[in-house]
A.B. asks: 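Let me begin by handing over the structure; questions about it come next.
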Amino acid sequence: MNDKTYLSVKNLTKEIKNNLILDDINLDLNKGKIYGFKGKNGSGKTMLFRAICGLINPTKGEIHIGNKKLGQDISFPESVGVIIEYPGFLPDFTGIQNLKMLAELTGKIGEKEIREMILAVGLNPDDKKKFKKYSLGMKQRLGIAQALMEEPDLIILDEPTNALDSEAVELVKNLLIKMKEKNKLILIASHDKEDLEFLSDEIFAIESGKIVEHRVLKEAINENKN
């Protein structure tokens, strides 16, 4: 792992009931970049994200985040914001109540930052509607707000534009670009080729749990900034 690498995945393999779910994945990823992951349903994208979050244990291989080994030095990434599959919140509480409860677990941010992020994703922090009454798009917006509100070092978003209208997609794109400019490491899986290519510095294609393609899209732009 070089000095710039924040997330290192080495020979990551995962087998479940003799099925190879992840097949010798190797990645060295840096802060200040957005990495896109594309592949069909069941290709291994979500399982890779679960492994990086510490939600599943690899059969073989290692994951290092900020020079700490996952599963040894840390059980989960120390600074991470995640959406994997559908965001889940307490159904009988409002959006801001849910985010306040989550924020209290770490104590990193207060109501001001929470309200700002709710507004940034296009929701109203003063909306009295309970989460169970939210539309799919509103639920997704709130999920993105919780993933980004503490401005974590590592952001992992699995299909973040699911159920979002075009206005919300643009809000999310702008938020992610701002997070990248704040030197965050962002991983995105998306079926939307256009959005993925617009946002990503590099794109990895996954098939049957194996990386089959790696394209660098914006290396020259980033190098000129340094």
A.B. asks: Checking Arg141 side chain against Val121 main chain: does a donor-acceptor pair fall under 3.5 Å?
C.D. replies: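 Present.
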
A.B. asks: Does anything in residues 87-100 pair up under salt bridge (Lys or Arg N to Asp or Glu O under 4.0 Å), and if so which pairs, sequence neighbours excluded?
C.D. replies: Asp92-Lys132, Lys100-Glu111

A.B. asks: Are side-chain heavy atoms of Lys38 and Glu213 found at a separation under 4.5 Å?
C.D. replies: yes

A.B. asks: Please confirm whether the backbone N or O of Val82 pairs with a side-chain atom of Gln146, one donor and one acceptor, at under 3.5 Å?
C.D. replies: yes

A.B. asks: Does anything in residues 153-174 form a ring pair (Phe, Tyr, Trp, His ring centres under 6.0 Å)? List the pairs, not counting sequence neighbours.
C.D. replies: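 Sorted result for residues 153-174: empty, none.
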
A.B. asks: In this structure, would Met149 and Leu119 fall into the same cluster of hydrophobic residues linked by side-chain contacts under 4.5 Å?
C.D. replies: no

A.B. asks: Is the backbone of Glu159 close enough, under 3.5 Å, to the side chain of Gln140 for a donor and an acceptor to pair up by distance?
C.D. replies: yes

A.B. asks: Could you tell me which non-hydrogen atom of Gly36 sits nearest to which non-hydrogen atom of Leu196, and how far apart they are?
C.D. replies: CA-CD1, 3.8 Å

A.B. asks: Within a strict 4.5 Å, meaning less than it, do heavy atoms of the Ile188 and Pro160 side chains meet?
C.D. replies: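 Yes. Closest side-chain heavy atoms under 4.5 Å.
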
A.B. asks: Short question: side chain of Ser8, backbone of Asp28 - any donor-acceptor pair under 3.5 Å?
C.D. replies: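 Not at all, since once roles are kept as given, no pair shorter than 3.5 Å links the two residues.
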
A.B. asks: For the CD atom of Glu197 and the CG atom of Leu217, what is their distance to the nearest 0.5 Å?
C.D. replies: 6.0 Å

A.B. asks: Side chains of Asn11 and Asp24: does their closest heavy-atom pair fall under 4.5 Å?
C.D. replies: yes

A.B. asks: Mind checking the OG-NZ spacing from Ser75 to Lys68? Nearest 0.5 Å is all I need.
C.D. replies: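 It comes to 11.5 Å.
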
A.B. asks: Is there any side-chain hydrogen bond (donor to acceptor under 3.5 Å, both in side chains) pair reaching into residues 46-58, and which pairs are they, with sequence neighbours excluded?
C.D. replies: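 Counting only pairs at least two positions apart or across chains, the side-chain hydrogen bond (donor to acceptor under 3.5 Å, both in side chains) contacts touching residues 46-58 are Thr46-Asp158, Arg50-Glu85.
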
A.B. asks: Asp195: what forms a side chain to side chain contact (heavy atoms under 4.5 Å, CB included) with it, not counting sequence neighbours?
C.D. replies: Thr161, Val169, Lys173, Asp192

A.B. asks: Go through the structure and list residues passing salt bridge (charged side-chain N to carboxylate O under 4.0 Å, His left out) with Asp73, not counting sequence neighbours.
C.D. replies: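 Checked Asp73 against salt bridge (charged side-chain N to carboxylate O under 4.0 Å, His left out); zero matches.
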
A.B. asks: Report whether Tyr134 and Leu136 are members of the same hydrophobic cluster (ILVMFWY, side-chain heavy atoms less than 4.5 Å apart, transitive linking).
C.D. replies: no

A.B. asks: Does Met47 belong to the same Ile/Leu/Val/Met/Phe/Trp/Tyr cluster as Val212, with side-chain heavy atoms less than 4.5 Å apart forming each link?
C.D. replies: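 Different clusters.
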
A.B. asks: Does a side-chain heavy-atom distance below 4.5 Å link Leu55 with Phe76?
C.D. replies: yes

A.B. asks: Which residues pass the side-chain hydrogen bond (donor to acceptor under 3.5 Å, both in side chains) test with Glu207, sequence neighbours left out?
C.D. replies: none

A.B. asks: If you group Ile, Leu, Val, Met, Phe, Trp and Tyr by side-chain heavy-atom gaps below 4.5 Å, do Leu176 and Leu171 land in one group?
C.D. replies: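 Each belongs to a different hydrophobic cluster.
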
A.B. asks: Is the backbone of Glu167 close enough, under 3.5 Å, to the side chain of Glu170 for a donor and an acceptor to pair up by distance?
C.D. replies: no

A.B. asks: With sequence neighbours excluded, what pairs up with His191 under the ring-ring contact (aromatic ring centres under 6.0 Å, His included) test?
C.D. replies: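 None.
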
A.B. asks: Quick one: side chain to side chain contact (heavy atoms under 4.5 Å, CB included) partners of Thr106, sequence neighbours excluded?
C.D. replies: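 Thr106 satisfies side chain to side chain contact (heavy atoms under 4.5 Å, CB included) with Lys108, Glu150 only.
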
A.B. asks: Check whether any side-chain heavy atom of Ile109 sits under 4.5 Å from a side-chain heavy atom of Met117, and report yes or no.
C.D. replies: no

A.B. asks: So, for Ala51 and Ile63, which heavy atoms are closest and what is the spacing to 0.1 Å?
C.D. replies: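 Where Ala51 meets Ile63 most closely, the heavy atoms are O-CD1, 3.4 Å.
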
A.B. asks: Say whether Ile56 and Leu20 are linked into one hydrophobic cluster, either directly or through other cluster members, by side-chain heavy-atom distances under 4.5 angstrom.
C.D. replies: no

A.B. asks: Please identify each residue that fulfils ring-ring contact (aromatic ring centres under 6.0 Å, His included) with Phe89, with sequence neighbours left out.
C.D. replies: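 Listed in chain order: Phe131.
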
A.B. asks: Supply the atom-to-atom distance Asp23 CG to Lys60 NZ, rounded to the nearest 0.5 angstrom.
C.D. replies: 8.5 Å

A.B. asks: Using the rule side chain to side chain contact (heavy atoms under 4.5 Å, CB included), only one of Leu154, Asn30, Asp153 pairs with Leu185; which is it?
C.D. replies: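 Among Leu154, Asn30, Asp153, the one that satisfies the side chain to side chain contact (heavy atoms under 4.5 Å, CB included) with Leu185 is Leu154.
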
A.B. asks: Ile84 and Cys53: which non-hydrogen atoms are nearest, and at how many Å?
C.D. replies: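 Reported closest heavy-atom pair: CD1-SG, 4.1 Å.
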
A.B. asks: Each residue besides Met101 in its hydrophobic cluster should be listed here, by chain and number; the cluster joins Ile, Leu, Val, Met, Phe, Trp and Tyr at side-chain heavy-atom distances under 4.5 Å.
C.D. replies: Leu90, Phe93

A.B. asks: Give me the atom names and distance for the closest heavy-atom approach of Asp201 to Lys33.
C.D. replies: OD2-CA, 3.4 Å

A.B. asks: Should Glu78 and Ile65 count as side-chain neighbours, where that means a heavy-atom distance under 4.5 Å?
C.D. replies: no

A.B. asks: What's the verdict on side-chain contact (heavy atoms from CB on, under 4.5 Å) for Ile186 and Lys180, showing C-alpha distance, side-chain angles and the deciding distance?
C.D. replies: CA-CA 7 Å; Ile186 304 168; Lys180 172 184 163 180; 4.2 Å; yes

A.B. asks: Apply side chain to side chain contact (heavy atoms under 4.5 Å, CB included) to Pro152 and list each qualifying residue two or more places apart in sequence or on a separate chain.
C.D. replies: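 Residues passing side chain to side chain contact (heavy atoms under 4.5 Å, CB included) with Pro152: Ser79, Ile155.
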
A.B. asks: Do Glu62 and Gln72 come within less than 4.5 Å of each other through their side chains, counting heavy atoms only?
C.D. replies: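 A side-chain contact under 4.5 Å is absent here.
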
A.B. asks: Between Asn183 and Gly32, which heavy-atom pair has the shortest distance, and what is it?
C.D. replies: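 Result for this residue pair: OD1-N, 3.4 Å.
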
A.B. asks: Measuring from atom OG1 of Thr59 to atom CD of Glu15, what distance do you get when rounded to the nearest 0.5 angstrom?
C.D. replies: 5.5 Å

A.B. asks: Under a 4.5 Å cut-off applied to non-hydrogen side-chain atoms, are Leu7 and Tyr35 in contact?
C.D. replies: no

A.B. asks: Considering residues at least two apart in sequence or located in another chain, which fulfil the side chain to side chain contact (heavy atoms under 4.5 Å, CB included) criterion with Asn124?
C.D. replies: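 Per chain and number, Asn124 pairs via side chain to side chain contact (heavy atoms under 4.5 Å, CB included) with Asp126, Asp127.
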
A.B. asks: Classify the ring geometry between Phe204 and His214 as parallel (under 30°), tilted (30 to 60°) or perpendicular (over 60°).
C.D. replies: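 Correct class here is parallel.
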
A.B. asks: Which distance, rounded to the nearest 0.5 Å, do you find between the CD of Glu194 and the CG of Leu199?
C.D. replies: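 Going from CD on Glu194 over to CG on Leu199, the span is 11.0 Å.
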
A.B. asks: To the nearest 0.5 Å, what is the distance between CG on Leu12 and CD1 on Ile52?
C.D. replies: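 Here the rounded value is 7.5 Å.
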
A.B. asks: Looking at every non-hydrogen atom in both residues, tell me the closest pair between Pro125 and Ile96 and how far apart they are.
C.D. replies: O-CG2, 3.5 Å

A.B. asks: Report yes or no: is the cationic atom of Lys31 (NZ for Lys, CZ for Arg) closer than 6.0 Å to the six-membered ring centre of Tyr6, at no more than 45° off its axis?
C.D. replies: yes

A.B. asks: Which residue is it: Ile25, Asn26, Val9? I am looking for the one with a side chain to side chain contact (heavy atoms under 4.5 Å, CB included) to Ile211.
C.D. replies: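 With Ile211 as partner, side chain to side chain contact (heavy atoms under 4.5 Å, CB included) holds for just one option, Ile25.
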
